[in-house]
Structure formats: C-alpha cells, structure tokens
Amino acid sequence: MKAIIAATVLAILMMYAGFVVKEKKTILSIATLLLAVLLGVNIYELLTMQEGATIALFQYQLTITRFSVWFNMLMTAATLLYVLLMGNDIIKVGKHTGEYFALFFFILVGTYLLSSFNNMLIMFLGIEIISIPQYILAGSDKRNLKSSEASLKYLLMGAFSTGILLMGITLIYGATGEFNISKFSFLQMEYINPMVLTGVLFLIISYSFKISAAPMHFWTPDVYDGSPTPFTAFMATIGKTAAFIGFIRLFHTSFASISQSWTIVLAIITAATLFVGNITAVFQQSVKRMLAYSSIAQAGFMLFSVVSVSALSWQGLVIYGVAYTIATLGIFAVLLKLKDFTFDGFNGLAKKNPFLAGVTTIFIFSLAGIPLTAGFMAKFYMLQAAVRQGNLMWLVIFALLMAAVSAYYYFRVIIAMFFKTGEPEISELSGAQKFLLVLTALLVIVLGIAPQLLLPSGI
Amino acid sequence: MPIQYYLFLSLALFCIGVMGALMRRNAIIIFMSIELMLNAVNLLLAAFSKMYNDSAAQIFVFFIMVVAAAEVAVGLAIIVMVYRKVHSVDVNILNRLKH
Amino acid sequence: MILVLLILIPLLAAKLTFFSKEAAKNVALLGSLLTLGLSVYAALNCGTENLAPFALNWMPAIGAQFSLAADGMAAMLCLLTGIIIPVVLLINRNKAIDNPGAYYALILYSQAGLMGVFLASDALLFYFFWELALIPVYFLCSRWGGERRIPVTFKFFVYTFVGSLMMLSALIYLSLQTNGVNAMSLQNIVAAGKALPMMQQHIIFVLLFLAFAIKMPIFPFHTWQPDAYEQSPTQVTIILSALMVKMGLYAVLRWLLPVVPEAMAYWSDTVMTLSIAGIVYASLIAMMQTNIKRLVAYSSIAHMGLMCAAAFSGTELSQQGLMVQMFNHGINITGMWVIVNMVENRYGTQDLKKMGGLANTAPGIAIALVIISFANIALPLTNGFIGEFMLFTGIFQSASHYHMVFMAVAGLGIILGAVYTLTMVQKVAYGENNSGVLAVAKMNAAEWTAVIVLIVFIIVLGVFPQPLIDLIGIR
Amino acid sequence: MDILQILFWLLTIMAIGCALGVVLSRNPVNSVIFLILTFFAISGHYLLLNAQFLAIVNIIVYAGAIMVLFLFVIMLMNLNADTEPQKSWLVQLAGVVSGGTLFLVIIAAISRANLLGVINTETSNIGLIKVLGQVLFKHYVLPFELSSVLFLSAMIGAIVIGKKDME
C-alpha cells in the first residue's frame, strides 16, 4: 500500500517537474531519482513485512502478500533499469518528457494493483490504469504517422477488450453475486453454472488481448512497430508482465477449482500463440518487427504459468517475466544505438563494435533459451510447471519445437553480427551506457546460474 | 420480470456493439460501438444488482462510467490527432498507408 | 576437487587465451597440456579417494546439484578429450588465423563443455554442459569455416538444438517422478525411469534417443553431419568427430540404457537395424566420394553405426567393446583428420582426383596415412582391431532374433570400409601426382609430435589393450 | 400485463432499435443521435430497476457529456455526410455473422442456467444516492481514489496527445 501511495505521489511530482523544468536532461535525472525513491519504498515495504503475512486492506479489496510486494519491487527495479538504459532515447521522442515519465509511474501504480487485487473492481481499474497510459505512449511521437496509427489501433483494440472483460466480470457476478475473487463459491454448486463458464471465457479472451495471445494478437506487430522504439520496449516487457500477473492472480485464486473446464481452452490458445508468434517472426526483415512477433511467442511461453495451476507457476512467472524483461530491454537498448533496424543493420557489428555484439549475443541467447542465461531457467520453470500438470505433455513438446524455431530467427541476428560483413552505423556509446549494458548482461548470466535469487525464501 | 429478459436484452446490445466494432470503418463509430458494449454491461450489472439486492454492482457501474469517460477523453484526442494528419478517420486507409 | 579442476582449467585457459592476442595458440596449448596432465592423473586415480565425487547445492528448488563424479568410462573419455585437444592445437600452427584469441578460446570452451558432459552426474548440469559444448563449436564453424559454412552450421545447430530440447523435456518429466530432493541427480533419474510404466518409458525413450541419435549421428538423423564436417575448419572437425559424437554414445550408455531398460529392449531391434543400415548406406556413399573430407565424414558415420548397434545389443561384451572402441575411434579418426589436414594444406584442395604420389614426395605423411588407415579398418595389431572384435562378438551374442543378419550386414559394411579406405590411400599416397604441387613440404616438428603421439597409441593399444580395459572396468 | 411490463418492452424495443441504428446508419451524426436515444432507453431501464442515481448519471455523463464530445469531434471533422465509406459487404457479412453467432452461442449456453431468479418488483432503496454514497465511501473508497489516478493519467494523455507541437 505504501508503494501505491508513493507511486501516485511521485507521479504527480514528476508531472509538476515536467512543467517547471525545461531542460530535458534534468527531467531525466529527476525521473531516475524518483524511481530510485520508489524502489526504496518498495524495498522498505518488503523489509517491514513479516514472513507469511497477508495484509488485507479495504474490506479485502487488496490482499498484499510478500509475493506481491516482491513482484512489485522487481517491476520497479526493471523500470529503473529501463529508464537508465534508454533514458536518453526517451527524452528524444517528443516534447512532453516529464509527462512520459509520469505515465510510467502511473503504469507502476496499475502494476501494483494487479499484483495484489482481491476484487474485480480493483482489477478492472488496474488494467485500465496500465492500458490508458500505454495508448498515450504509443502515440507520443506525433510527427510520425505510424505512431499515431499505432496509438489509434491500440486504443480501439484495448477498449474493445475492456468491453469483453467487463462482460466477463458481469456474468461471473451474475452467477455468484460476488466481486471478491477469493469468495466465489463454485465448489458449493452441484454443477458449474454456464454463466460462470461464459464469463471465464470472456475473461480469457480479454486477457488474451492484453497479453497479445493468438488469435487476439493481431494488433501487436503494428502497435509495437509503430510506437516509438523506447516505448515499444516498455510495452513489450513491463506492460506485458503486469498484465500477466493480473491474469494469473485472477485465474489461480478464483478459478483454480474449476480449472479442468478452462485449461484446455487456454492450452489451445497457448499452442496457437506459440505457433503464430514463432512462425511469423521467421519471415520478418526488421529486427524491431521480429521482436514484436517474438514477444507474442514469449507470451505463449508465459501462458504456461496460467495454464498449469500450481505454486510453481507463480515462481515461473516471476522468473520468466524478469528474464524476458531484462533481455528484451537489453536488445532494445542495443537496437536504439543502430540506425538501421533491419537484420542487415546488424551486419558486421562484431568487427565494428565487439562490445555491443558481445552483449547482444548474451541477450539473444537468453531470449532463445540457451543454458547459462536467465531465459533458459525461465523456460525450464515454465516447462516444469506444465509437465507437473500431467496432461499437457503434448503442449510441452510443441513448445519445445517452437523454441527451436525461435532459435532460427534469433540466431539470424547473431549470424548478421558475427559472420556477415557490413558497415553498421552506430551512435556513440557513453561510458555509463557501456557499464549499464554490461550490468544487464551480467544480470542475465547470474540469473541463469542462480535463478533462486529471484525467489528468496519466504515470499 | 425474470432476469433472463435483462440478460437477453443486454447481450443483444452487447453483440450489436461487437458487430458495429467489426463492421464499420469509421474509427469514431467503432468507438461508439464500444461505448454501446459498455452500456450493455452496465444495464446487466444494474439488473443483477436488483436481483441480489446488492448495491456493489451499481457502484461498479459507476466506475465503468468513470473509466469510459477517461477512455473517451484519451480516445477522441487520439482520433483527432490522426485526423489532423490524414484528414480521415477510416481505419482501412490507415492500414493501406502502412505498406 | 580434481573433477572441478578438469572443467575449470580449460575455462580459465580460455579466458586467458581470449585476451592474449598473438600468443594465443601457445597459451591455449599450455592450458590444454595442463588439462591433459590432470586427466592422466584422473585416469590413474580412478576409483580411489583422490577422485571422490564432488557435490554442491545449486538450485535446491528444482532439485539440481552441481555434482560431478567419474567412473572408469568417464575418466577414459576425459583422458581422450585431454589427449585430442593438444593434438588439435598442434596441427595448423603455421596457418594464419583471423582473430586467433577468439578461435583458440572457443576450442577450449568446447573442451570444458565436453569434460562437463562426461563428468556431470546431475541431469540439469549435464544438459548445461551439453549445450556449452555445442555453442563454441557453432561459432567456430560459422566464423572460420568454408564457403557454405553459415547455412551448414546453422542446420547443424538447429538439429542438435531440437534434439537437446527433446532431451530437456524428458529430463524434466523424469525429475518430477522423484520425491523432489536432488530430483535431478543421476541416481534419482535412473530410479524414476525404471519405475515408469511401459507407455511412459516409450515416450521418454523416444525423446532421449532423438537427442542422442542426432548427436551421434545415426542414420537417418545424420544429414547435418557430412556438410558440417566438410565446411568446418579441420581442427573443429576433429573435435566434432572424435569427441562430440562420443557425447552422444556416452549419453546413450549413461542416460538412456539404465533409465529406460524395458523400452530400450523393446526398441533395440529397430535401432540396430537403423544403425546397421546406416553402416552400409554410409559406406556406399563414401565409395562414391571424390572429396576427401566428405569421404572421411561418411566413414565416420559408418563407424558410429557399428558402435550404436553394439550399444543397443544389450550384451556385456559389446558394452565393454564399445567403451574400448570409443577411445580407439577417437584416436583413429583424429589421425585420419590430421593426415587429411596435412594433405589438404599441401595440395590446396580437397579433391581426391587432384592428389597422388605422396609416397614419393612426402614419405613421412604417406607412412602415417597407411598406419592410421590400417587402424581405421581394424587390422589386427592396431587398436581398431580389439575394439571392433569385441563389438562384433557382442552383437553376435545379442538376444535379438536377427543377430546373424546384423552380423552379416555389418561385416559387409566393414569390408566396404576397407575398400574405400584403401582406395583413398591409394589415390593419395600412390599413383601419379595430379596436383601440380611438386615440392610437397615435409612435416614440421609440431605435426610430427601430433602424428607420433597418435601412432604410439594406435600400436600400443593394439598390442596391449589391458590398461584401457582395466580403466573402463572401474565402477 | 401491467404498466411496468409495457414500459419494459417499449424501452427494450427502443434500445435495440436505436442500437441497430447506431451501427447501421451511414451518417455519423445520425449514429450519435441514435446512441443518445439508446442511452435514454437504458436510463429508462435503470429507473425500472430502481437505480435512480444511475439513471441520472447515465443521462448526465453519457448522453450529456460524452456524446456531446463525440458530436463535437464529428462536427469538427465535418463528417456529417452520407458518403461514409463502407467496408466491403463480405467483411460486413462476417461482422454480422460473428456477432450473431456470439449472441446465439451465449444465449444457448446461458439459457440452461436455471438458477437465475426473478427480479422482485417491490421497490428497494439500494439505488438511492444516500445508500450508494455510503457504500461508495465506506467500502469502495479505494477504487474511488484510484479512479482519480486514472483520470490524472487520462488528463496527461489528453494534453500530450491533443496539444499541437510547435516545431
């Protein structure tokens, strides 16, 4: 709760800083500072919380556990890392720099809500608080028509899915008379009310929009491609992970008891997502667009955490979310240094700048799930959760085949960097940026060797 | 009045909204269709609220209206921004511009 | 602790090599010799206190340990790795290499991966090293290989990657059948696998076998192999054919045979048929080859076919023979490649038609070629003989109804092997010199060292194989 | 049939008819007008359901504020012509079919749910401003505050998106 309040207050501060300060660099420094403060508040909240404690606030509308606080902390840290890595590119996007940073704080508020809601009203507000700023961020490059188009598309799709989400909530309310997600009484009934099933289906569809799962993924490539690149990085990572925590929280808290009736639907969605994301990513010529499709594919893997109902899946989601976020942020940070976003733009990077090529290799390895990187451990946890589920072996094997396909397009970047010749245009790297990239790459490897760092005992 | 009637009515409105969102090319009309969907939900919630004699659902409706208002504010701003550039709000034209 | 050092020293040497620009090859050689010393020590002390298993808690949540252990087979393969890598570094010392630091460092990284594969007694650790051995080789081939290197190595990478992912899913499944404490350790995996019902055993078998069959490679999963061997730099080809394929065989013996014994027995006929069909198929293709590297590549498929058939024959003798042959094949095929490399460097071509007359121009090379070829076709008194003899006896004794057929067809393959190998010797060493290169350079000191080391092994083990047999007997 | 039922059917027909009008009319201005009429019909339903506060808010917020905003934007863009471009008939058909199927499927699924009750016609006071206000500020004060966060971000959005960049 402290973090939610702090994030709101800091967002307002950030907004005013945007009015008062004109120098963009200063705004960036202020944003970094405020994010660090927010991270501090998160850590403080984590430390002051007793092990195993569950704090229920406002008549059980929020239940804050150590897990949710830990997740919030990780997301805040990821945002801080994001701002550190790409701050200089964020301030180049448009004129309203202070406002953009304020929007990040608002998105964090939404994330905090989604990690600890216990009432569907809070969930709904959390999703909207995450979504509306993202529509704005997508359209923030006003000189560029593609950005405006991305924004419009995102808005229409988002609003449409909100409508579906609300219908789902309403149907479930109609069947149970309850908005509190831990009080739904499905088990007491002799048979499952069809209204509940329809409601769950609507919720699945709506969340599929938010996390860009097939067949509701079609907006993703255009939106991610059109949005200003730094904001694409944010939407594809932290925005997506936040939607996932809401998804898993709702489905595993309240619908776990009727899981046999919806896991099959979700398993098919997962398979479709993996298929569409990976196969279409193969045919892309632009790395940015490839990353957009690969983010669909990665969402397919993250869906495993929702499909398989066990304590392991929450851990898997944390690891996957963080691993994917870090690696993708790293790739985007490198991408922003290049002038040409196609695969050919990477040609000969290893010769021209071995440092950039080296860190990119680590990020690519992580995304492709090569051992000793965080991405591998993430996939491992997900698959373990799914195998434990028992009847999902077909999905696991399909996912592994798709992971091999993903190696194909990820390795195209490596082939371009190391084995092709070219003269890539690179903008100058400052020492601090180098340091941060090294730090990110190290993080990827450390988490690949010791993933339990992300899951300390007692969360 | 059985609750089914309200259920059918609001689902009908909802599906008309879905149809509108799928059929039309004008971004504003699509947006209006989505508003129609939200209103269908509101109506259903109000009916359930009466059925369960629970005012929480009406509070929920209230919040849906709040969110809808916020979304409309942002949405219309985005639509106007797009219109300024291409002098059209036709989603098909936008798709064509991409290629 | 020795076991950890066996992995750690190549890693550290690789780090050093990477940053020592011009001196890279010497640093790498030094590091590999150090590793060789260690692996000899390990082989001598196998089964004693000095080579105690090493275990460290790593990821308790998923039951993974950093645990290493070496029995005779593992120590033998470590020894083989320890011998081959210095040999690899000895040849081609005069050839200028682009970015030598990275090149030699990657070779050492793959050595570390190989050592890890042989020593790991934890499934997840095994998987890690399995990939760690692959990735440096991928970079080596794609960066320093021949003209078609990029698509070819990519095919190789994707094949093996698919295989290893299949293996991963099987290992996860097995680990979940245990009680969760050290779920990934070899003992637990074996126990879990044995307890599985038949249906699940089949699935696990198929998943694991795919991974290993691609690596070995067994017909029909071999299609990546000839291209990859041809396009890689010869030094990398040696690592691939002498060591990497052993990973596949080793994995069959350690992670497949004990884990799903019933499914193994069920599938053995099928696999043996495939392997033996592969022998004949590869031999026939090898006879048509005019490219010397492709010829040796196909001959390697044929040899692997025989070894794989023996692995699945299920007799004690063939298992023993297999281990002996793993070592010997590693030595022999390395010898083959070393010679091929010398010939290729001197003639500047891989085309057999453009060679000839080596016996006159460079008799040293020709003699070495003849000796190694004899070992390769398993003539008595060479090391190849004892291994293949045990393999054949093992296959003959197997419980399969078709063991006579297998014997006969495999024997045919061996005869074909003699034919193409001797034809190759004849084309390279005798006849007219068609290359246009008249003054063929003699072997330099490094090459002499490499060749002599290999020939010593060929002859000593051919006459007196007992130390090897003793070593592999240690449990 | 008592007066409430007659009102129900009248409002229902009006709501569905006008909703179809929104989707089908070629002129965007007509669409807006139809939508406002739909909202009035829905407000009428709210009254029937004893949700007086919602009825008022619906008219003030939706019909009054939001739809005027829509109308304003449409006028600004001068879109009041009848020559509105249409999607090809195939796409339209697909839209109709998918919407209709969705409706039928849900109805088919839900109509089997027999545990649904009947809405009692006696008046209750849950929809009164006083009751709602107490519930809102006693139980739902957190969402109330959070909606201010939402509005703040929407406000920023409107500024960021709507303001003309002077370049």
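Sequence lines set the chain letters: A, B, ... in the order given, protein chains first and strands last, and positions in each chain run from 1.
Heavy atoms closer than 4.5 Å to chain D are found in the side chain of A:L121, but not in its backbone. Contact annotation for A:L57: neither backbone nor side-chain heavy atoms come within less than 4.5 Å of a heavy atom of chain D. With a threshold of 4.5 angstrom between heavy atoms, A:F105 does not approach chain D through any atom at all. With a 4.5 angstrom heavy-atom cutoff, A:M1 touches chain D only via side-chain atoms. The part of D:V141 that comes within reach of chain A is its side chain, from C-beta onward, which places non-hydrogen atoms under 4.5 angstrom from that chain. Looking at A:F124, neither its backbone nor its side chain comes within 4.5 Å of chain D, counting heavy atoms on both sides.
Using modelled atom types, no side-chain atom of A:E99 and backbone atom of D:V160 make a donor-acceptor pair closer than 3.5 Å. Judged by distance alone, with hydrogens and angles left aside, the side-chain atoms of A:S131 form no donor-acceptor pair with the main-chain N or O of A:E128 at under 3.5 Å. D:S147 places no side-chain N or O within 3.5 Å of a backbone atom of D:L150 that could act as its donor or acceptor partner.
Chain D forms more heavy-atom pairs under 4.5 Å with one residue of A:I107, A:L113, A:L197 than with any other, namely A:L113. Most heavy-atom pairs under 4.5 Å with chain A, from the set D:G157, D:S153, D:S148: that is D:S153. The greatest number of non-hydrogen atom pairs below 4.5 Å with chain D, out of A:L103, A:T8, A:L62, is found for A:L103.
Taking the side chain as every heavy atom from C-beta outward, A:L10 and A:L13 approach each other to under 4.5 Å.
Test A:I130, A:T79, A:T76, A:I4 against A:T111 for side chain to side chain contact (heavy atoms under 4.5 Å, CB included) and you get one pass: A:I130.
To the nearest 0.5 Å, the span separating CD on A:Q134 from CD1 on A:I238 amounts to 10.0 Å. Atom-to-atom distance recorded for A:R249:CZ and A:T65:OG1 is 6.0 Å, nearest 0.5 angstrom.
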